[in-house]
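Side chains are part of it too, since the values below use all heavy atoms of this structure and drop only hydrogens, waters and symmetry mates. For the single chain, residues carry numbers from 1 onward in sequence order.
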Amino acid sequence: ERMQLGASPAAFLGQAGLPNSRSAGSALVDATTTSHLDDELVEIAEENNLDVVRGHEDFVLDRIYHAALDDEADNIIYVGGDGPLIDPYIYSEALELFLDKKINFLTSYEPQTFPGGYDFNIIDFESLKIAYDKALAPSQRINMFSYFTFNESSIKKYNFEYKKNLSNFHLSLDNPEDIVFFELIFEEIDKKDIKINLKNTIKHGTPPAAQEWSHPRGAEADLVLSRA
């Protein structure tokens, strides 16, 4: 059964928050797996006019690389499909910094300051190719950019941090109980007719007693990429 949050399928709410995602020279790509379990995901992507690239079930790095290669992307914004709450202001600010400072690889979790579910990366294609060519350990292909965490590189890296530490908030769609949680958040958002962004989510959508949940960062079932 397809999960709806508001008017959109939960798996693709993230696409709406990507900056300039429909502008000239940019594209959205669903980089999912060849597993039959993702056939419905592909169907939803096509219904939402997204390009689809299918690849290795476990190696997320490979899927990102081939999606970017097929699209002839210069820069890639990576957003996991487990984060339906997307803040376009955060991504726009990060993208502007990435381009202005000529950064090669920008991440948002080394160290983590954003809530779980707000992980994202921006990387240029040449740096992505370095990781694709040199990441030999399976773990570095599953955890797509971990090659740069554990290996010295000449690329220019930057960790994009939020103004305060919200890493104790769990806002990713990982477990069955998260479905109820997100339904309540979107019910509150719809009722108050507020914009979906991190500030409003924390202010209006989350319960007063936020629980400290661990933030799992494994291989996501689907990815969305945009060429900037």
Query raised in the report: Does any non-hydrogen side-chain atom of Tyr89 lie less than 4.5 Å from one of Leu198?
Result: no
Requested in this report: Examine Ile123 and Phe150 and state if one hydrophobic cluster contains both, with Ile, Leu, Val, Met, Phe, Trp and Tyr joined whenever side-chain heavy atoms are less than 4.5 Å apart.
Outcome: no
Query raised in the report: Parallel, tilted or perpendicular: which describes the rings of Phe148 and Phe105, with under 30° parallel and over 60° perpendicular?
Result: tilted
Requested in this report: Go through Tyr78 and Asp119 one step at a time and tell me if the side-chain contact (heavy atoms from CB on, under 4.5 Å) criterion holds.
Outcome: CA-CA 9 Å; Tyr78 163 83; Asp119 289 3; over 6 Å; no
Requested in this report: Measure the spacing between CG of Asn75 and CG of Leu106 and express it to the nearest 0.5 Å.
Outcome: 11.0 Å
Report task. Considering non-hydrogen atoms only, spot the tightest contact between Val52 and Glu46 and give its length. Result -> CG2-CG, 4.3 Å
Query raised in the report: Should Asn143 and Val60 count as side-chain neighbours, where that means a heavy-atom distance under 4.5 Å?
Result: no
Query raised in the report: So, do Asp87 and Tyr91 sit near enough that their side-chain heavy atoms are less than 4.5 Å apart?
Result: no
Requested in this report: Report the distance from atom CD1 of Ile103 to atom CD1 of Ile155, rounding to the nearest 0.5 Å.
Outcome: 10.5 Å
Report summary line: Heavy atoms of Asn151 and Gln140 approach each other most closely as ND2-NE2, 3.6 Å
Query raised in the report: For the ring pair Tyr109 and Phe114, is the centre-to-centre distance below 6.0 Å?
Result: no
Query raised in the report: Would you call Leu28 and Asn49 a side-chain contact if the rule is heavy atoms closer than 4.5 Å?
Result: no
Query raised in the report: Can we say Arg63 and Asp58 salt-bridge, meaning some charged N sits less than 4.0 Å from an Asp/Glu carboxylate O?
Result: no
**Report entry** Modelled atom types, side-chain donor and acceptor of Asn165 and Gln112, under 3.5 Å
**Finding:** no
Report task. Answer yes or no: is there a side-chain heavy-atom contact under 4.5 Å between Ser127 and Lys157? Result -> no
Query raised in the report: side-chain hydrogen bond (donor to acceptor under 3.5 Å, both in side chains) between Asp38 and Ser35: does it pass, once the steps are laid out?
Result: CA-CA 6 Å; Asp38 287 324; Ser35 169; 5.0 Å; no
Query raised in the report: Are any of the side-chain heavy atoms of Asp51 and Asp30 separated by less than 4.5 Å?
Result: no
Requested in this report: Calculate, to the nearest 0.5 Å, the distance between atoms CG and OH belonging to Asp133 and Tyr147 respectively.
Outcome: 9.5 Å
Query raised in the report: Of all heavy-atom pairs between Leu61 and Ala131, which one has the smallest distance, and what is that distance?
Result: CD2-O, 3.6 Å
Report summary line: CG of Leu166 to CG of Leu171, rounded to nearest 0.5 Å, is 8.5 Å
Query raised in the report: For the residue pair Arg54 and Asp39, what are the closest heavy atoms and their distance?
Result: NH2-OD1, 2.9 Å
Query raised in the report: Would you say the side chain of Ile179 lies within less than 4.5 Å of the side chain of Leu173, judging by non-hydrogen atoms?
Result: yes
Query raised in the report: About how many Å separate CD1 of Ile64 and CG of Leu69, when rounded to the nearest 0.5 Å?
Result: 13.5 Å
Report task. State whether a side-chain donor-acceptor pair under 3.5 Å links Asn121 with Thr107. Result -> yes
**Report entry** Crowding at NZ, Lys156 (>12 non-hydrogen neighbours, <6.0 Å)
**Finding:** yes
Requested in this report: Would you please classify the geometry between the Phe160 ring and the Tyr158 ring as parallel, tilted or perpendicular, with 30° and 60° separating the classes?
Outcome: tilted
Report task. State whether the number of non-hydrogen atoms from other residues, nucleotides or ligands found under 6.0 Å of Glu96 atom CD is greater than 12. Result -> no
Query raised in the report: Are side-chain heavy atoms of Glu57 and Thr34 found at a separation under 4.5 Å?
Result: yes
Requested in this report: Say whether Glu110 and Thr149, considering side chains only, have a donor N or O and an acceptor N or O under 3.5 Å apart.
Outcome: yes
Query raised in the report: If you draw the axis of the six-membered ring of Tyr132, does the NZ or CZ of Arg141 fall within 45° of it and under 6.0 Å from the ring centre?
Result: yes
Requested in this report: Would you tell me whether Asp124 and Asn104 have side-chain atoms, one donor and one acceptor, within less than 3.5 Å of each other?
Outcome: yes
Report summary line: Taking every heavy atom of Asn159 against every heavy atom of Ser108, the minimum-distance pair comes out as OD1-C, 3.6 Å
Report task. Report the C-alpha separation of Tyr118 and Tyr162 in whole Å, then their side-chain angles, then the decisive distance to 0.1 Å, and conclude whether the ring pair (Phe, Tyr, Trp, His ring centres under 6.0 Å) test is met. Result -> CA-CA 11 Å; Tyr118 277 81; Tyr162 194 56; 8.4 Å; no
Query raised in the report: Between Asp100 and Leu97, is there a donor-acceptor pair closer than 3.5 Å when you use the side chain of the first and the backbone of the second?
Result: no
Query - Donor-acceptor side-chain pairing of Asp174 and Ser172 below 3.5 angstrom - result: yes
Report task. Can you see which heavy atom on Ser146 is nearest to which on Ser139, and at what distance? Result -> OG-O, 3.7 Å
Query raised in the report: How long is the span from the CD1 atom in Ile44 to the CG atom in Leu50, to the nearest 0.5 Å?
Result: 10.5 Å
